[in-house]
Number of protein chains: 2
Amino acid sequence: MTNRDDLDELDRTVISMLTEDGRLSASEIAGRIGNVSERTVRNRIAALLQNRHIVIGAIPDPTAIGRDVQAELLIEVEPGKADEVAAELGEYDEVGYLAAITGRYTLAASVFFDTNAELFEFTEGTVGKIPGVNRVVTNMILRMYKIYGTRTTALSQREPQPNGAGRRARRAK
Amino acid sequence: MTNRDDLDELDRTVISMLTEDGRLSASEIAGRIGNVSERTVRNRIAALLQNRHIVIGAIPDPTAIGRDVQAELLIEVEPGKADEVAAELGEYDEVGYLAAITGRYTLAASVFFDTNAELFEFTEGTVGKIPGVNRVVTNMILRMYKIYGTRTTALSQREPQPNGAGRRARRAK
DNA sequence: TGAACTGGTTTCCGAAACGGCAATTCAAAT
DNA sequence: ATTTGAATTGCCGTTTCGGAAACCAGTTCA
């Protein structure tokens with residue numbers, strides 16, 4: 001299982017660096033920190049991933065990839081069935097965020113679709129029919145500012161990364 | 001600026017693979033796809049990053065790193081000031097998610113803190129005092145199931161990644 | 001029609017990073 | 001002080017990366 005509270009200073013430093021840029025090399029990280037061998041950093045990263053303290057992944061800007069229909073769902077679930085319903089919802093990769101909360105509703109979720117029809121089908125046809133779901137409130141997301149700690153285009157109108165090229169593709173294979 | 005709708009099939013495929021594992025090598029990706037040179041994949045990735053279509057980063061499991069106090073904020077903002085307030089809130093890295101929504105409230109946010117005191121200080125001292133903010137509703141997050149498309153420990157009780165070591169650190173440097 | 005152009009793709013290459021292994025060092029326990 | 005389990009480190013062959021130049025369409029313009 002995942003242990004908490006067993007992260008030391010080094011782990012936290014590594015995590016915060018990787019949060020900024022998940023593709024940083026171990027040697028780069030070690031270099032910035034100092035007094036740590038590049039090999040150790042590599043070990044730590046491997047362990048962090050292995051224990052699922054972190055996950056390294058690409059976070060697409062939803063609108064940039066065509067998922068233009070975004071919504072926040074508030075779901076009222078019959079008492080005692082939250083975990084169950086959540087497990088079911090978690091299976092859909094259109095669900096980007098899902099949590100149990102206090103207050104009027106039981107679950108809060110962020111969902112991304114290509115079309116309104118798909119969203120409707122999801123709320124009505126899928127969520128609404130899960131046993132234990134008593135109510136589903138849908139609030140459309142008008143603008144996404146930040147998504148998992150990462151600013152989206154709505155907020156990041158700053159300079160592009162000082163990275164590689166900036167060409168765009170036209171022909172696919 | 002960030003262009004949308006200029007992603008072709010290859011881009012989407014690459015993105016979906018990187019979403020699963022942000023550390024996949026270009027050659028690995030190219031290999032799985034076929035008919036594409038490893039170099040091209042590398043070019044595409046560079047472009048995707050450069051245009052901010054995607055961001056690759058480590059996504060820490062909040063509870064795993066000690067951010068045990070998580071909450072959903074619903075914020076009512078004076079008409080016309082949503083962007084402004086959002087820009088301000090987006091600066092805080094305790095804010096992991098932020099979006100403008102339809103419905104009773106203007107903004108929805110997910111925030112992570114180490115202690116209740118910090119959360120309180122944030123809602124009362126920070127958010128509450130931003131000009132244009134009329135109301136702040138705080139719902140505690142009792143359980144996080146999924147965070148940016150990635151299942152958290154609450155849902156991911158499956159096998160660890162077939163990765164490197166599983167040792168744990170004890171001594172920091 | 002064909003030459004110049006443009007922009008992505010591909011190849012090539014040296015430098016850097018990675019993964020596995022074994023030796024080493026450290027800290028806690030006896 | 002000795003033992004012991006675990007993390008750190010160095011080493012090495014393999015893989016991956018970054019840069020530059022050649023390559024190849026499709027497009028524009030004479």
Side-chain angles (χ1 to χ4, degrees), chain A residues 1-15 17-18 20-51 53-58 64 160-173, chain B residues 1-15 17-18 20-58 160-173:
Chain A
M1 78 211 64
T2 302
N3 310 311
R4 56 217 79 219
D5 297 324
D6 53 0
L7 298 183
D8 61 15
E9 194 53 32
L10 176 57
D11 287 311
R12 292 176 194 280
T13 308
V14 170
I15 289 178
M17 287 186 181
L18 284 178
E20 304 283 322
D21 180 358
R23 288 157 54 86
L24 278 178
S25 69
S27 37
E28 172 67 21
I29 295 175
R32 290 192 201 170
I33 297 179
N35 13 24
V36 199
S37 83
E38 160 267 344
R39 195 67 187 79
T40 295
V41 172
R42 212 139 19 100
N43 288 340
R44 295 300 189 101
I45 294 175
L48 287 171
L49 286 171
Q50 232 250 344
N51 301 330
H53 283 132
I54 62 173
V55 174
I56 296 182
Q161 294 187 348
N163 246 357
R167 321 110 202 173
R168 210 62 292 302
R170 197 182 328 150
R171 169 182 34 148
K173 279 223 170 165
Chain B
M1 81 209 64
T2 301
N3 310 312
R4 57 216 78 218
D5 296 324
D6 52 1
L7 299 183
D8 63 14
E9 194 52 32
L10 176 57
D11 287 311
R12 292 175 193 280
T13 308
V14 170
I15 289 178
M17 287 186 181
L18 284 177
E20 304 283 321
D21 180 355
R23 288 157 52 87
L24 278 179
S25 71
S27 39
E28 171 68 22
I29 295 175
R32 290 191 200 171
I33 297 179
N35 8 21
V36 199
S37 84
E38 160 267 343
R39 195 66 184 82
T40 294
V41 172
R42 211 138 21 99
N43 288 341
R44 296 302 190 99
I45 295 176
L48 287 171
L49 286 171
Q50 233 251 343
N51 300 330
R52 295 197 176 264
H53 284 133
I54 62 171
V55 174
I56 296 182
Q161 294 184 348
N163 246 356
R167 321 111 200 171
R168 210 61 295 300
R170 197 182 326 152
R171 165 186 35 147
K173 277 225 172 160

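The nearest whole Å value for the distance from the CG atom in B:Asp11 to the C1' atom in C:dT9 is 14 Å. Taking atom CG of residue B:Asn51 and atom C1' of nucleotide C:dG8, one finds them 14 Å apart after rounding to whole Å. The CG-C1' distance, from B:Asp8 to C:dG8, rounds to 11 Å in whole Å. The CG atom of A:Leu49 sits 14 Å away from the C1' atom of C:dG19 (whole-angstrom rounding). Between the CZ atom of A:Arg39 and the C1' atom of C:dG19 there is a distance of 6 Å, rounded to whole Å. With rounding to whole Å, A:Asn43 atom CG is found 17 Å from C:dC26 atom P. For A:Glu9 and D:dA7, the CD to P distance is 18 Å, given to the nearest whole Å. Counting to the nearest Å, the C1' atom of C:dA17 and the CZ atom of A:Arg32 are 15 Å from each other.
Closest heavy-atom contact between B:Ile54 and B:Leu49: O-CD2, 3.7 Å. Among all heavy-atom pairs drawn from B:Leu24 and B:Met17, the shortest one is CD1-O, 3.7 Å. Between A:Ala26 and A:Glu38 the shortest heavy-atom distance is CB-O, 3.9 Å.
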Quick one: which protein N/O atoms are closer than 3.5 Å to N/O atoms of nucleotides 13-17 of chain D? Pair and distance per line, please.
residue, atom, partner, partner atom, Å
D:dT16, OP1, B:Ser25, OG, 3.2
D:dT16, OP1, B:Ser27, OG, 3.1
D:dT16, OP2, B:Ser27, OG, 3.1
D:dT16, O5', B:Ser27, OG, 3.3
D:dC17, OP2, B:Ala26, N, 3.3

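At least one donor-acceptor pair closer than 3.5 Å links the side chain of A:Asp8 to the backbone N or O of A:Leu10.
Contact annotation: A:Thr40 does not reach the phosphate of D:dT8 (side-chain N/O to OP1 or OP2, under 4.0 Å).
Closest approach to the B:Val36 side chain among C:dT9, C:dT10, D:dT8 is made by C:dT10 (side chain taken as heavy atoms from C-beta onward).
Each of A:Leu18, A:Ile33, A:Val36, A:Val41 was checked for a side chain to side chain contact (heavy atoms under 4.5 Å, CB included) with A:Thr13, and the lone residue meeting it is A:Ile33.
Rounding to the nearest 0.5 Å gives a distance of 13.5 Å between CZ of B:Arg23 and CD of B:Glu28.
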